[in-house]
Amino acid sequence: MSETTGVTRRVLITGATGSIGSHLAEALADEYDIVQHGRTPRTEEQEKTLRLADLDDYDAVLALMDGVDTVVHMAGAASPDSSWESVLPANLIGTRNVLEAAREAGVRRVVFASSNHAMGMYDRYEQWPVYPHQLPRGDSLYGVSKIFGESLGRFYHDEHGLDVINLRIGWMSEDPREADEEILHAMWLSPRDCTEVVRRAIEAEVTFGLYYAISDNPNRRWSMTNTTLELGYRPQDSVNDHLGAPRVIEGGAEVRDDWPRGS
């Protein structure tokens, strides 16, 4: 529900069959009229309600936008190891189609799932801290595709007045002990914090921005000052809740030379 008007917003979640998208579809269902998009249903509910569309099919994407207030765009190739053949239709053409369809349909806002990998070369070379205003440095074709999405969103905001909130999402997992890389622990995002930062992105008064979305981790190297000030995001969880006593690594731990391969 809109915090200002009292009207329940219709929120389209693209990629609602993915790990983050499916989590958000469930976590936000009490607050918004959720429309779920995907390709392969994962639950019995999705068997009945999932809206099917290939992202590179503009007419199919446009058909998703009926009555939508906000698009939370989570769909696309999601691995740093994704090939060009994967990111081209899903992350480049698909993101353009989502933004253009949102514009044509009169959607108020797009919340774009960007990624830490849009700035990942700073991480590979341990050039911290990283701020949202720095020049993008993708660490993979996937990261480059997220830079494209952010830049295209800037154009649609400037040219067409579409609200675009870009969230540079860290690593969302129920349990950060699933991985043993310190950099993943530093950028961990809990499901609860993920829900909150997306909720804030839907409701915030700001109409464009680049925002890191990470939990309250002691070795975080990515600035979330503007996420706090402009979106009102306050992370509630920390990687230390799972890993034990704080272990602060001065300057940050070394990152392997082939980051992010295999991450």
Side-chain angles (χ1 to χ4, degrees), residues 8-26 28-29 32-43 45-79 82-115 117-118 141-169 198-199 201-202 207-208 210:
T8 300
R9 300 191 191 280
R10 174 169 287 185
V11 175
L12 167 65
I13 300 178
T14 69
T17 56
S19 58
I20 297 180
S22 60
H23 164 74
L24 292 172
E26 180 177 348
L28 296 173
Y32 302 108
D33 175 14
I34 300 294
V35 179
Q36 299 186 51
H37 154 268
R39 298 180 66 183
T40 305
R42 292 180 55 171
T43 66
E45 178 191 354
Q46 287 184 343
E47 290 280 359
K48 302 174 184 176
T49 62
L50 190 69
R51 301 286 302 277
L52 305 178
D54 289 330
L55 293 179
D56 58 354
D57 182 342
Y58 179 75
D59 289 338
V61 173
L62 179 61
L64 299 173
M65 301 291 169
D66 184 35
V68 168
D69 171 88
T70 301
V71 179
V72 177
H73 183 38
M74 292 284 163
S79 170
S82 295
S83 67
W84 174 249
E85 289 74 20
S86 296
V87 300
L88 175 60
N91 295 16
L92 278 72
I93 297 173
T95 297
R96 176 268 173 190
N97 284 348
V98 167
L99 289 165
E100 175 61 16
R103 180 205 65 77
E104 183 174 341
V107 169
R108 176 186 66 99
R109 171 166 298 190
V110 173
V111 178
F112 175 59
S114 187
S115 170
H117 293 288
L141 289 173
Y142 167 73
V144 170
S145 76
K146 294 302 182 179
I147 296 169
F148 171 83
E150 293 176 353
S151 182
L152 194 63
R154 172 89 264 185
F155 170 75
Y156 271 84
H157 174 71
D158 289 345
E159 181 72 8
H160 302 295
L162 179 66
D163 291 4
V164 180
I165 305 298
N166 303 280
L167 297 179
R168 287 176 174 167
I169 297 172
V198 170
R199 178 189 294 113
I202 292 170
T207 57
F208 180 86
L210 303 169

Evaluate the criterion side-chain hydrogen bond (donor to acceptor under 3.5 Å, both in side chains) for residue pair S83 and S86; output intermediate values, then yes/no.
CA-CA 5 Å; S83 67; S86 296; 3.3 Å; yes
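- Between Q36 atom CD and T17 atom OG1 the span is 9.0 Å, to the nearest 0.5 Å.
- Among T49, L24, I13, the single residue meeting the side-chain contact (heavy atoms from CB on, under 4.5 Å) criterion with I34 is I13.
- Considering every non-hydrogen atom in both R39 and L50, the closest pair reads N-CD2, 4.3 Å.
- Interatomic distance, D66 CG to R51 CZ, rounded to the nearest 0.5 Å: 7.5 Å.
- When all heavy atoms of P89 and W84 are compared, the closest pair comes out as CD-O, 4.5 Å.
- The line from CD1 of I147 to CG of N166 is 11.5 Å long, rounded to the nearest 0.5 Å.
- Atom CG in L141 sits 13.0 Å away from atom NE2 in H117 (nearest 0.5 Å).
- Contact between A77 and A90 at its shortest, heavy atoms only, is N-CB, 3.7 Å.
- In this structure, L28 and R199 have side chains that are in contact, with non-hydrogen atoms separated by less than 4.5 Å.
- Counting only heavy atoms from C-beta outward, the side chains of I169 and M74 approach each other to under 4.5 Å.
- Judged as a salt bridge (charged side-chain N to carboxylate O under 4.0 Å, His left out), and not counting sequence neighbours, R42 has no contacts.
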Apply side-chain hydrogen bond (donor to acceptor under 3.5 Å, both in side chains) to the pair H73 and T14, showing each step before the final yes or no.
CA-CA 5 Å; H73 183 38; T14 69; 2.7 Å; yes
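- Residues R103 and E159 form no side-chain contact, since every pair of their non-hydrogen atoms from C-beta on lies 4.5 Å or further apart.
- Under the 4.5 Å side-chain criterion, counting only non-hydrogen atoms from C-beta, I20 is not in contact with V198.
- For the atom pair NE2 of H157 and OG1 of T207, the computed distance is 4.0 Å after rounding to the nearest 0.5 Å.
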Donor-acceptor pairs under 3.5 Å, side chain of residues 52-65 to any protein atom, not counting sequence neighbours: which ones?
from	atom 1	to	atom 2	distance (Å)
D57	OD1	D59	N	3.3
D57	OD1	A60	N	3.3
Y58	OH	E104	OE1	2.6

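- Across all their heavy atoms, S145 and N91 have their closest contact at OG-ND2, 3.0 Å.
- In this structure, the side chains of V68 and V107 come closer than 4.5 Å at one or more pairs of heavy atoms.
- Nearest heavy-atom pair across A201 and R109 is O-NH1, 2.8 Å.
- Contact between A118 and E150 at its shortest, heavy atoms only, is CB-OE2, 4.1 Å.
- Put simply, CD on E100 and OH on Y156 are 3.5 Å apart, with the number rounded to the nearest 0.5 Å.
- At a threshold of 4.5 Å between non-hydrogen side-chain atoms, the residues I202 and Y32 count as touching.
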